[in-house]
There are 2 protein chains.
Amino acid sequence: MEELDHRIVQLLAQDGRLSYTDLGKATGLSTSAVHQRVRRLEERGVLRGYRAIVDHEAAGMPLTALISVTPVDPAAPDDIPDRLRHLTEIDSCFSVAGEESYVLEVRVGTPGDLELLLARVRAAANVTTRTTVVLSTPWEDRSPLAAGESTA
Amino acid sequence: MEELDHRIVQLLAQDGRLSYTDLGKATGLSTSAVHQRVRRLEERGVLRGYRAIVDHEAAGMPLTALISVTPVDPAAPDDIPDRLRHLTEIDSCFSVAGEESYVLEVRVGTPGDLELLLARVRAAANVTTRTTVVLSTPWEDRSPLAAGESTA
DNA sequence: TGTGAAAGGCATTCGAT
DNA sequence: ATCGAATGCCTTTCACA
């Protein structure tokens with residue numbers, strides 16, 4: 001990825017609503033030039049979309065936890081993500097190397113909600129769980145970009 | 001939070017670039033009414049900003065890992081997040097309950113980069129680490145919202 | 001890839017309800 | 001709180017280099 005595109009991605013990762021006009025000023029390109037570059041970045045899948053960042057506390061989901069998941073039956077076909085996808089409290093689902101198979105990042109309102117969620121996770125996917133409660137989040141979602149090489 | 005605001009937040013969490021016009025159509029409000037509500041949600045801190053979602057692979061950071069961090073000296077004052085903040089590969093930093101003190105979500109380009117990052121984490125914060133490599137990510141960042149209660 | 005201009009849409013403000 | 005209208009700015013497209 002070229003330096004100019006890199007810059008554009010970086011700026012949009014910080015402020016997804018930057019206008020093409022401002023993006024042009026920031027990069028020294030014309031409005032239509034940045035517009036074209038952004039379109040291409042979207043088509044290539046580098047820019048996968050735009051989202052509002054919601055405060056979890058304000059959204060009524062102040063409790064974050066990490067749930068490590070192990071299948072009860074290691075011989076069963078692994079469709080665990082499919083079995084868990086309907087649980088909307090699961091923010092992210094990672095398949096991991098290590099003792100456990102998956103790590104789930106979840107958001108709930110209360111410890112009671114977490115207890116219920118764990119029961120639903122175990123029931124839906126036939127797994128055991130090990131849960132780590134998040135006490136505070138010094139920072140989150142900084143979306144790092146590679147420094148300056150080409151991946152053309 | 002009221003039902004209408006909830007809906008607005010949900011829509012913007014999915015598409016942060018939705019126009020107020022479209023938001024109005026989706027909620028049955030006028031453009032200026034949704035505009036005012038969004039402004040208030042931003043002021044209250046419910047909507048914390050807008051970001052472009054960047055594909056990690058395309059951004060040159062295809063390797064994700066979770067690093068559990070334990071202080072070498074439990075008596076030392078805990079300024080670990082401050083000591084780690086400059087490491088831009090760290091996407092998120094969670095303070096957690098459990099055997100370890102923090103869990104870091106990191107993105108790097110290669111296993112070699114991960115090795116270097118671990119050395120920098122240990123040196124910067126005087127900690128030991130336990131690393132879990134992410135093999136694949138069935139999904140990520142769904143930003144769940146509380147279902148339907150009032151938090152006015 | 002880049003530019004600049006033209007057209008239409010949208011954000012933003014305001015007075016009224 | 002909501003609406004509808006008015007004004008600029010912005011997006012989007014197009015002809016051209």
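Proteins come first, then strands; the chains are lettered A, B, ... in the order of their sequence lines, and each starts at number 1.
In this entry the distance linking OH of B:Y20 with P of D:dC9 reads 18 Å, nearest Å. Taking atom CD on B:Q36 and atom P on D:dG4, their separation rounds to 15 Å, with Å as the unit. Distance, B:H35 NE2 to D:dT2 P: 14 Å, rounded to whole Å. Put simply, CD on B:E42 is 12 Å from C1' on C:dA11, counting in whole angstrom units. B:R37 places its CZ atom 19 Å from the C1' atom of C:dT13, with the value rounded to the nearest Å. Put simply, CG on B:D15 is 13 Å from P on C:dC10, counting in whole angstrom units. Rounded to whole Å, atom C1' of C:dC10 lies 11 Å from atom NZ of B:K25. Across the protein-nucleic acid pair, A:L23 atom CG and D:dC9 atom P stand 19 Å apart, rounded to whole Å.
B:R17 comes within 4.0 angstrom of no nucleic acid atom, judged by non-hydrogen atoms across all strands. Among the heavy atoms of the strands lying under 4.0 Å from B:T21 are primed sugar atoms or P, OP1, OP2 only; no base atom is included. Using a 4.0 Å heavy-atom cutoff across all strands shown, B:S30 reaches at least one base atom of the nucleic acid.
Linking Ile, Leu, Val, Met, Phe, Trp and Tyr whenever their side-chain heavy atoms come within less than 4.5 Å puts A:Y20 and A:V9 in one cluster.
Residue A:L29 has its side chain nearest to C:dT3 when only D:dG4, D:dT13, C:dT3 are considered. Here D:dT2 is the nucleotide among D:dT13, D:dT2, D:dC10 with the atom lying nearest to any side-chain atom of B:L4.
Not a single donor-acceptor pair, N or O on each side, falls under 3.5 Å between the base of C:dG2 and the side chain of A:S32.
Looking at B:R130, its side chain never comes within 3.5 Å of a backbone N or O of B:V69 through a donor-acceptor pair.
Under the 4.0 Å criterion applied to side-chain N and carboxylate O atoms, A:E89 and A:R120 are assigned as salt-bridge partners. Look at B:E140 and B:R107 and you find a salt bridge, because one of the NZ, NE, NH1 or NH2 atoms lies within 4.0 Å of a carboxylate O, short of that distance. Salt-bridge annotation for A:D5 and A:R37: present, with a side-chain N of the basic residue lying under 4.0 Å from a carboxylate O of the acidic one.
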